[in-house]
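Some notes on the structure that comes next.
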Amino acid sequence: MFEDRILLWKFRCGDRDAFRLIYDKYAGDLLNLAANLLADKNQAEDVVQDVFISFVESIERFRLTGSLKGYLATCIVNRSRDYMRKKKRQQTAAENRLGQTTSGVKNPLQLAINSEELLKLSHALTELPYQQRETIVLRLHGEMRFRQIARLNNVSVKTIQSRYRYGLEKLRSAMNGEVKK
Amino acid sequence: MRPAENIEKQVKQLRYETNTETHNRVLGNVMQAMDKLEKQKPGAQAPNIWRTIMKNPITKLAAAAVIIIAAIVVINQLGIPVESSAFAQVAGRLRMARTMTYKVTTNSNIEMEMAFKEPGYMRITMPGGYVTVADWTQDKALTIMPPRKQFYEMDLALNNDPAQRQFDAIEKLRALPDQADEILGTIEENGRILQGYRVRQNGTVNTVWIDGDTQELIRVEAEFINAIGMNVVMTDFRFDVDLDDSLFSLTPPAGYTRMDIQVNTLEISELDLIEYLRLWSSWTKDNSFPPTFNPIELQKLAMEMERQGRFGEGKESEEEVKQGALQMTRGIMFVMQLPGDSNWRYAGENVRFGDTSTPIFWYRPTGSETYRVIYGDLSVKDVALENLPE
């Protein structure tokens with residue numbers, strides 16, 4: 001974590017390479033997080049780009065209080081929620097379902113789903129209510145603790161644990177027992 | 001494997017792999033935004049306080065000198081003694097810590113980040129990107145000044161007064177008394193119940209707040225009896241975090257040039273203080289003396305004075321300006337190294353040079369019965385305690 005503090009300090013002093021190092025270190029995980037939250041590769045790219053631009057814009061007054069990865073992940077979550085709200089207003093959910101994009105090999109951000117089983121699971125994840133999906137993605141891809149996710153949502157840990165449990169239950173049902181081997 | 005675990009494992013496998021093209025595109029867009037931001041900076045942004053001060057050749061070096069002194073003061077003065085039963089646990093943790101980081105906030109909300117590492121390393125990050133690294137294993141310290149792309153080296157061994165030459169912040173922190181002088185009771189803060197303790201030690205009064213549930217050290221409010229107005233608050237304590245040795249490197253960054261101000265504190269005397277006061281009064285348009293002797297506060301106040309146009313044109317040569325900064329360093333260092341029982345006081349704010357009747361500084365030299373008093377005309381008299389200003 002202290003390495004991040006040094007990179008931040010160097011970046012604040014005008015060292016662009018320090019920013020590149022921060023970007024290289026976290027961009028992959030953040031894109032993955034955003035893509036799983038939004039189930040949309042293009043929006044995921046936009047969200048990550050926006051988060052990094054905001055980060056750059058605020059660097060002079062930015063003060064790190066926890067981990068940089070945690071901070072950036074939280075920004076991704078907040079920005080993703082904005083996108084989801086916007087998307088709800090503008091489009092029907094079906095237009096952007098992940099299933100319709102996975103067949104497109106031209107996608108620059110391609111979901112590496114090689115098995116039919118995983119493809120089905122990704123569909124099921126997309127169909128979950130957003131709060132449950134977000135909880136599962138933050139827990140399993142963002143490596144956040146229930147307590148952190150609860151704080152982020154301003155709800156109790158129990159609520160988050162319930163969302164997680166119900167979400168997994170729905171995924172299991174959607175898989176119709178195919179996960180049981 | 002249980003079905004739930006299987007599902008979790010499979011969700012983790014839902015990974016969007018990104019290619020180089022995507023990364024480069026996003027990074028390229030961010031860098032473009034950064035370029036735009038850079039171009040907008042000079043005109044569009046609010047004036048940067050550092051840019052303001054760096055316009056004036058006098059204040060720019062004075063600011064650097066103040067930063068250096070602030071670093072020295074922080075190295076020498078900040079300590080955090082703690083203790084009692086919740087206290088004992090915190091004290092034990094402090095004693096055992098291999099590394100420690102915390103934040104220091106001054107009266108005027110200037111923040112500094114502190115980091116310590118065994119066996120004798122310390123790093124202070126100050127506003128404006130200034131960083132001081134002290135290495136007591138080599139008795140050397142380095143301050144780097146990004147706004148000027150300069151660095152300044154200090155020989156810690158030159159100050160060989162044991163009372164002053166301390167790896168102090170960390171050592172004071174570890175030299176905890178067995179009992180708190182006062183138990184303050186509890187307060188509620190951000191949903192936590194904090195237990196307060198007060199400890200008086202070596203001219204420092206520390207009010208220590210510990211989380212009653214977790215026994216974590218939350219905050220230390222330090223008052224220095226010998227340095228009125230220099231109160232600081234220490235927060236965000238972390239222990240045994242990984243601190244890479246590179247953080248404590250004494251090698252200046254590439255492209256930085258040396259700032260040549262060498263101060264041997266053994267050779268500093270009262271005359272240095274008087275000369276500094278004379279110089280400062282010559283820098284201000286109204287010939288007033290410095291507003292404070294707290295080097296951390298002085299940094300901020302000097303910048304405000306510069307913005308208010310209270311300094312002169314600064315037509316001195318670069319060499320004269322350097323000498324001025326050196327004198328400033330020596331003058332403030334004289335005060336900072338006075339022992340705790342010298343009872344020094346500074347009262348020069350708003351007093352102008354030439355005022356023969358107003359005492360602006362007094363202190364009791366070691367072993368003396370009387371006080372040395374410096375007046376507004378910079379004359380000095382020996383004065384008995386009962387004749388000092390209240």
Side-chain angles (χ1 to χ4, degrees), chain A residues 1-3 5-6 9-10 12-16 19-20 23-24 27-28 31-36 41 44-46 48-53 55-57 59-60 63 65 107-113 115 117-118 121-122 125 136-137 139-141 165 167-169 171-172 175 177 179-181, chain B residues 1-38 40-41 45 48 99 101 103 111 113 115 117 123 125 128-131 144-147 149 235-236 238 241-244 246-247 253:
Chain A
M1 199 179 81
F2 223 77
E3 181 191 89
R5 286 186 180 272
I6 295 304
W9 173 73
K10 284 183 174 174
R12 207 175 284 135
C13 295
D15 184 343
R16 283 175 164 234
F19 173 75
R20 280 200 186 88
Y23 179 87
D24 289 344
L31 274 164
N32 181 53
L33 185 66
N36 271 299
K41 66 206 176 339
E45 256 184 60
D46 288 348
V48 171
Q49 185 175 301
D50 288 352
V51 164
F52 273 112
I53 288 174
F55 173 65
V56 163
E57 285 172 347
I59 190 64
E60 283 188 19
R63 290 289 174 271
T65 53
N107 291 338
L109 185 68
Q110 189 174 1
L111 184 60
I113 299 175
S115 73
E117 196 176 82
L118 282 182
L121 183 61
S122 81
L125 186 65
I136 290 172
V137 169
R139 173 78 175 161
L140 297 178
H141 286 279
R165 201 171 51 245
L168 285 188
E169 194 56 47
L171 290 182
R172 197 161 36 244
M175 298 300 282
V179 290
K180 292 175 185 171
K181 285 188 175 174
Chain B
M1 187 180 285
R2 289 188 295 121
E5 287 173 354
N6 203 357
I7 284 281
E8 285 172 330
K9 195 179 167 190
Q10 291 199 325
V11 171
K12 279 186 181 176
Q13 287 172 10
L14 290 175
R15 188 162 178 92
Y16 287 77
E17 297 303 336
T18 52
N19 55 29
T20 314
E21 192 192 333
T22 305
H23 268 293
N24 288 345
R25 186 172 54 248
V26 175
L27 179 61
N29 290 340
V30 178
M31 297 305 260
Q32 252 180 12
M34 211 187 292
D35 287 339
K36 254 187 200 168
L37 208 65
E38 283 294 315
Q40 287 168 357
K41 262 185 182 173
Q45 282 198 334
N48 178 308
T99 66
T101 63
K103 189 170 82 180
E111 291 184 356
E113 289 180 9
K117 185 173 185 174
R123 179 188 173 93
T125 308
Y130 287 69
V131 172
I144 58 170
M145 298 169 274
K149 282 203 173 291
T235 54
D236 297 4
R238 288 166 194 262
V241 289
D242 284 335
L243 299 179
D244 194 88
S246 63
L247 290 171

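First the proteins, then the strands, lettered A, B, ... as listed; each starts at 1.
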Legend entry - Minimum heavy-atom distance Asp244(B)-Lys117(B), with the two atoms named: C-NZ, 4.2 Å

Inset, instruction - Could you look at Ile136(A) and say if it's the side chain, the backbone, both or neither that has a heavy atom under 4.5 Å from chain B? - result: side chain

Legend entry - Distance, nearest 0.5 Å, that separates NZ of Lys12(B) from CD of Glu8(B): 7.0 Å

Inset, instruction - Output yes when a side-chain donor or acceptor of His141(A) lies under 3.5 Å from a complementary backbone atom of Val11(B), and no otherwise. - result: yes

Legend entry - Most chain B-contacting option - heavy-atom pairs closer than 4.5 Å, from Val137(A), Asp24(A), Asp46(A), Ile53(A): Ile53(A)

Legend entry - Among the listed options Asn29(B), Val131(B), Leu27(B), the residue most often paired with chain A at heavy-atom distances under 4.5 Å: Leu27(B)

Inset, instruction - Tell me, for Thr125(B) versus chain A, whether the close heavy atoms (under 4.5 Å) come from the side chain, the backbone, both or neither. - result: side chain

Inset, instruction - Go through the atoms of Leu140(A) and report whether side chain, backbone, both or neither lie under 4.5 Å from a heavy atom of chain B. - result: both

Legend entry - Region of Phe55(A) that comes under 4.5 Å of a non-hydrogen atom in chain B: neither

Legend entry - Heavy-atom closest contact (Ala115(B) atom, Thr101(B) atom, distance): CB-CG2, 3.9 Å

Inset, instruction - Considering non-hydrogen atoms only, spot the tightest contact between Leu247(B) and Arg123(B) and give its length. - result: O-NH1, 2.8 Å

Inset, instruction - Kindly give the heavy-atom pair with the smallest separation between Gly28(A) and His23(B), and that separation in Å. - result: N-CE1, 3.6 Å

Inset, instruction - Below 4.5 Å from any heavy atom of chain B, which atoms of Tyr23(A) appear? Answer side chain, backbone, both or neither. - result: side chain

